[in-house]
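These notes concern the structure reproduced below.
What you are looking at is a predicted structure, and each value in this text was computed from that prediction instead of being measured.
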Amino acid sequence: MQLLPHVRPARLPSHLFTRSLVAPTADPFYSLWAEKGSNPMLNRRLGSQGFGASVAAMTSFPPQRYHYFLVLDFEATCDKPQIHPQEIIEFPILKLNGRTMEIESTFHTYVQPVVHPQLTPFATELTGIIQEMVDGQPTLSQVLERVEEWMGKEGLLDPSVKSIFVTCGDWDLKLMLPGQCEYLGLQVADYFKQWINLKKAYSFAIGTWPKNGLLDMNKGLSLQHIGRPHSGIDDCRNIANIMKTLAHRGFIFKQTSRRI
């Protein structure tokens, strides 16, 4: 979840893709990525073609490092001033094929909060989630069991299959999930402990930091925003669309973040 603070793509200057990018944060994994992950030949090629070249004109794109990307975006209880602890109330995952960048499967459920079971008007206004959508839904503990079952069914737990979660920011997997699990005495599965922060990936590809998250990334790529802002499943669809666009234009996604 992000808090508040198809068209002719614009042709961006080629120098954006040839200069070294200064990491927007002190994250050592992002710094390592910036140092070792850049491909000057690819950047020059993207720059000479115009990074805003039509996706339709791109007949192929480089293979990704992962078989699948698991796009995730939580929505959580919230208020002004903020309530504690926050609890996840929407838990969506899109399984994105790393070769085609198409959505192959969806996991989606609303979640019953247990500490603050009654949603605030602020949370409903922000997310569009009403009380009836969470009442009687599985708790986080039950949802995590269902996620494990879904991942097994989808072949994502096979050691030979490389997959990684993707989020818009680090909040979902660095703070929200581990924080709630700690509060409830639940274990966090290892596959939730490393991920791709799309904001960092986008800034590495484009050269500018998307201050307003998905809105800025869609605008920067001349993409139409899908659905309702702060709907978890719609945010996942926007993330997937942005990833597909970047991949078709030659970008290779790499892990940016992890939690030990």
message: Could you check whether any side-chain N or O of Thr124 sits under 3.5 Å from a backbone N or O of Pro121, counting only pairs where one atom can act as donor and the other as acceptor?
response: no
message: Looking at Thr100, is its backbone amide N or carbonyl O close enough to the side chain of Asn97 to form a donor-acceptor pair, meaning the two atoms are under 3.5 Å apart?
response: yes
message: Using side-chain heavy atoms (C-beta onward) and a distance below 4.5 Å, is Lys219 in contact with Pro210?
response: no
- prompt: Looking at Tyr68, is Lys95 sitting on its ring face, NZ or CZ under 6.0 Å from the six-membered ring centre and within 45 degrees of the normal?
  reply: yes
- prompt: Would you call the rings of Phe107 and Trp150 parallel, tilted or perpendicular, where under 30° means parallel and over 60° means perpendicular?
  reply: tilted
Residue pair Cys78 / Gln86, side-chain heavy-atom distance below 4.5 Å: yes
field: Short side-chain to backbone donor-acceptor contact, Gln194 and Gln255, under 3.5 Å
entry: no
field: Check: Asp235 main-chain N/O paired with Asp73 side-chain donor or acceptor under 3.5 Å
entry: no
- request: Go through the steps for Phe74 and Phe91 under the test ring-ring contact (aromatic ring centres under 6.0 Å, His included), then give the verdict.
  value: CA-CA 5 Å; Phe74 297 139; Phe91 201 128; 4.7 Å; yes
message: Does atom CD (Gln131) have a neighbourhood of more than 12 heavy atoms from anything else shown, all under 6.0 Å?
response: yes
message: With a 3.5 Å distance limit and no angle check, can you tell me whether Glu75 reaches the backbone of Ile88 through a side-chain donor-acceptor pair?
response: no
query: Under the 3.5 angstrom rule, does the side chain of Asp79 hit a backbone N or O of Pro81 as a donor-acceptor pair?
result: no
query: Distance-only, no hydrogens or angles: does the Glu90 side chain make a donor-acceptor pair with backbone N or O of Gly232 under 3.5 Å?
result: yes
query: Do His108 and Tyr110 make the cut of ring centroids closer than 6.0 angstrom?
result: yes
message: If you apply the rule side-chain hydrogen bond (donor to acceptor under 3.5 Å, both in side chains), what do you find for Trp195 with Asp170, and how did you get there?
response: CA-CA 8 Å; Trp195 62 94; Asp170 288 326; 2.8 Å; yes
field: Pair Phe253 + Tyr66: ring centers closer than 6.0 Å
entry: no
field: Short N-O contact, Lys199 and Asp216, less than 4.0 angstrom
entry: no
Intermediate values then yes/no, side chain to side chain contact (heavy atoms under 4.5 Å, CB included), Ile93 and Val147: CA-CA 9 Å; Ile93 305 172; Val147 169; 4.0 Å; yes
query: Does Pro138 reach the side chain of Arg146, with side-chain heavy atoms less than 4.5 Å apart?
result: yes
query: Please walk me through it: do Glu104 and Glu154 pass side chain to side chain contact (heavy atoms under 4.5 Å, CB included)?
result: CA-CA 10 Å; Glu104 286 195 352; Glu154 294 293 328; 5.6 Å; no
Working for side chain to side chain contact (heavy atoms under 4.5 Å, CB included), residues Gln64 and Arg99: CA-CA 7 Å; Gln64 296 292 327; Arg99 182 177 58 83; over 6 Å; no
field: Worked verdict on Thr120 versus Thr77 for side chain to side chain contact (heavy atoms under 4.5 Å, CB included)
entry: CA-CA 8 Å; Thr120 63; Thr77 55; over 6 Å; no
